[in-house]
Amino acid sequence: MTLPAADGAFDNSALLRRDRKLAQIGLFGLALPAVLLVTIAIVVPLAAMFWISIARPDGSVSLDTYLRILSTPVYTRSVLTTFQVSGMTVLTCMLLGTPFALVMASAGQRLASILLLVVMLPFWTALLVRTYALSVLLQRNGLVNSFLIDTGLVSEPLPLINNFFGTIVGMTHVMLPLFILPVYAAIKQIDHNIIRAAASLGASKLLTLRAVILPLAANGIFAGAVLVFVLSLGFYVTPAILGGGRVPMISTRIEQNVSVLSDWPAASALGVLLLLSVGLVFLVTFLLRRSIKALGGSANV
Amino acid sequence: MTSAAFIEIRNLSKAYGSFRALNDVGLDVGRGEFLSILGPSGSGKTTLLMALAGFVRPDRGQISVDGRDLVRLPANKRGIGVVFQNYALFPHMNVAANVMFPLRVRGIGRAEAAERARKALDIVDLANMAERDIATLSGGQKQRVALARAVVFEPRLMLMDEPLSALDKNLREQMQYEIRKLHDRLGLTTVYVTHDQREALTMSDRIAVMRDGVIRQLGTPASLYHRPTSRFVAEFLGEANILELDAVESFVAPERDATGAGRKLMIRAERLSLSDASGHDHVSLSGTLTRSVFQGDSWLISVDLANGGAVSARIAAAEAANFNLEALAEGAPLKLHVRRDALIPVIDA
């Protein structure tokens, strides 16, 4: 077959551009159901929530509700509590989860699978069931206190529930797998030869951990921390049950406003504040990472 | 074996389940020597190197370096420089910090460490790249940083695990030359693992050829290439023709009578020639041409021998032109000549 001779070379660019455009439209078509769902189930309700929080009964717009919330100690305290609980949960997850992820990453295949199973096991049960199970363990005459009293370690039951402590235990229990998984993935990704190289260059195991493994896993630790923090900010079930009303989070205040006080504008305004908090967390972490990256080049022992 | 050897390896064995990675390996390496361990993958060469580095604990046997037993000494106490196949640089540190790492680990102050790192980078021609991020370096540059990092703390021994296998051919040849130059300059005893026979031949003082966890032959590049003792070593190091012992008339293998069984005759393809150099130090093989392939600098021809068997011969371009090889048709009768001392008896394994 011979192609017809042309005056100049054929210019395919217009045709190729059209093909590309068609392919893009096709791809968008695949995403359309999800896009519709997100729009209907998230964007619209969020807009409604925002509107309720700023609309007066007469239809005019104001920030009254926000000013009321920010000047009411009950609300400002619950904002503070929310950040305290979230921050503390991140901290306990880091302290418990990082060593666990390290052990998991350095264990043999079999042990690693077993440990992964242990991490994932809580997901097999409903959150509500697990939280009530924890309250059975932690209550005044629960398993933990009975054990402590029977063995004579304490004479009076310890207050393990209906307080900050109980809330943190429950929150850590829920969040720990979500923290461990990204950290484990990050450690697992480190080239084994890099760790060997550190040893061959004279670094002890502890120094290798501090100067090589943890810095290289920093992204995973960071991701896990942000994930846990953000999820904790809006968490409801665990603080409501294990906090026993003494750990008022923003989420519990929202629930009260909706179901007890029927104060929809306040509930909506709290919802918007929660959303803004999450946005703020992401903004801060973004800026933090950028500045760390800028400094990162000269990281040293 | 003399007791003056710098590295002494005795009866080293390591098994992974039923797989025997090292099977009673013994090896001596002299001070300042460049020794390559050559073998196909799974031959145990990397296991042997990692046992020297301290990352593999041998089940049996001894390793001593400079008279000191190493087997139970952890890797970070051995003072051995290791260069890895994929460089294994610390990606979160820049070039200078990577090279300073072994010095800082040893408690050397920042100023002195920086100065010594600068000198080491100077040796590998990267003095102007000290502040660069690892991610911005090319493969060759990364390997130079890895070299600088491995020599900066003046180790008593250098181990390299296929350090050039990720580089393209031209760069690889250049780095072979530079690594050897660095070795000569620092006088650093080096054990170099590779599966590339040409690389081993180019760089080494001696080569240990490994297969199935055993050192099959140890010797200088020329002795291994020209006088392999086994079919495996002969074929691994170059183009080898393997013939029955009686395929060449008038050839009497030294051990033919006693141990003739299991032995073959090996002739390197490039030792066969078309030029008639008759004399009692040459023998000739007659046969018919079955195939000839032009390969640029030479021709590769296949010849069926009259006495049975077939050989491939590499004919240099000049000689091919003299004999007008191009015009020769398949089936044409042909006479190949070979020096008697290029007929090598090998065991058939």
Side-chain angles (χ1 to χ4, degrees), chain A residues 98 101-102 105-113 182-183 185-225 285 288-301, chain B residues 46 49-50 52-56 73-108 110 113-114 117 130-136 145-146 149-153 155 157-163:
Chain A
T98 311
L102 269 170
S106 53
Q109 186 118 48
R110 262 242 311 265
L111 183 59
S113 314
V183 176
I187 296 174
K188 201 71 192 166
Q189 250 178 22
I190 299 173
D191 177 2
H192 200 63
N193 276 342
I194 286 181
I195 294 163
R196 285 182 159 181
S200 79
L201 296 170
S204 65
K205 287 207 161 70
L206 203 64
L207 187 62
T208 305
L209 180 67
R210 186 170 67 76
V212 178
I213 298 176
L214 287 181
L216 288 178
N219 275 344
I221 296 174
F222 205 73
T285 53
L288 216 63
R289 289 186 71 138
R290 213 174 47 175
S291 52
I292 285 173
K293 225 171 222 165
L295 291 171
S298 52
N300 210 327
V301 180
Chain B
T46 295
L49 196 79
M50 290 298 134
L52 267 169
F55 302 125
V56 165
L73 199 67
N76 62 320
K77 299 258 163 59
R78 292 196 180 189
I80 293 174
V82 185
V83 176
F84 295 88
Q85 184 170 3
N86 50 2
Y87 323 125
L89 297 173
F90 305 127
H92 59 302
M93 302 180 193
N94 68 14
V95 169
N98 262 280
V99 180
M100 282 163 68
F101 184 87
L103 303 175
R104 300 286 289 155
V105 163
R106 286 167 173 73
I108 292 168
R110 184 172 290 276
E131 299 307 317
R132 288 275 288 274
D133 263 353
I134 296 303
T136 65
V145 176
R149 191 180 65 172
V151 299
V152 71
F153 62 103
L157 170 62
M158 177 83 118
L159 306 176
M160 301 197 193
D161 183 16
E162 310 210 23

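In what follows, chains carry the letters A, B, and so on, assigned in the order in which the sequence lines appear, proteins first and then strands, with residues in each chain numbered from 1.
Contacts between B:Arg149 and chain A at a heavy-atom distance below 4.5 Å involve backbone atoms as well as side-chain atoms. Heavy atoms of B:Ala75 lying under 4.5 Å from chain A belong to its backbone as well as its side chain. Within the 4.5 angstrom heavy-atom criterion, atoms from both the backbone and the side chain of B:Phe55 approach chain A. For A:Ala198, the parts lying under 4.5 angstrom from a heavy atom of chain B are both the backbone and the side chain. In this structure, no portion of B:Leu159 lies under 4.5 Å from any heavy atom of chain A.
Considering all non-hydrogen atoms of both residues, B:Leu89 and A:Ile194 come closest at O-CD1, 3.4 Å. Contact between B:Pro91 and A:Leu216 at its shortest, heavy atoms only, is CG-CD2, 3.5 Å. Across all their heavy atoms, B:Ala88 and A:Ala197 have their closest contact at O-CB, 3.7 Å. Closest approach of B:His92 to A:Pro215, counting heavy atoms only: CD2-CB, 3.4 Å.
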- [ ] Starting from the C-alpha separation in whole Å, work towards a yes-or-no answer on side chain to side chain contact (heavy atoms under 4.5 Å, CB included) for A:Val212 and B:Phe101.
- [x] CA-CA 10 Å; A:Val212 178; B:Phe101 184 87; 4.2 Å; yes
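No other option in B:Asn86, B:Val82, B:Asp161, B:Ile80 has as many heavy-atom pairs under 4.5 Å with chain A as B:Asn86. Looking only at heavy-atom pairs under 4.5 Å with chain A, the residue among B:Ala53, B:Gly54, B:Pro74, B:Pro102 that has the most is B:Pro102.
B:Arg106 places a side-chain N or O within donor-acceptor distance of the main-chain N or O of A:Leu201, the cut-off being under 3.5 Å.
Separation of atoms CG (B:Asn76) and OG1 (A:Thr208) is listed at 7.0 Å; rounding is to 0.5 Å.
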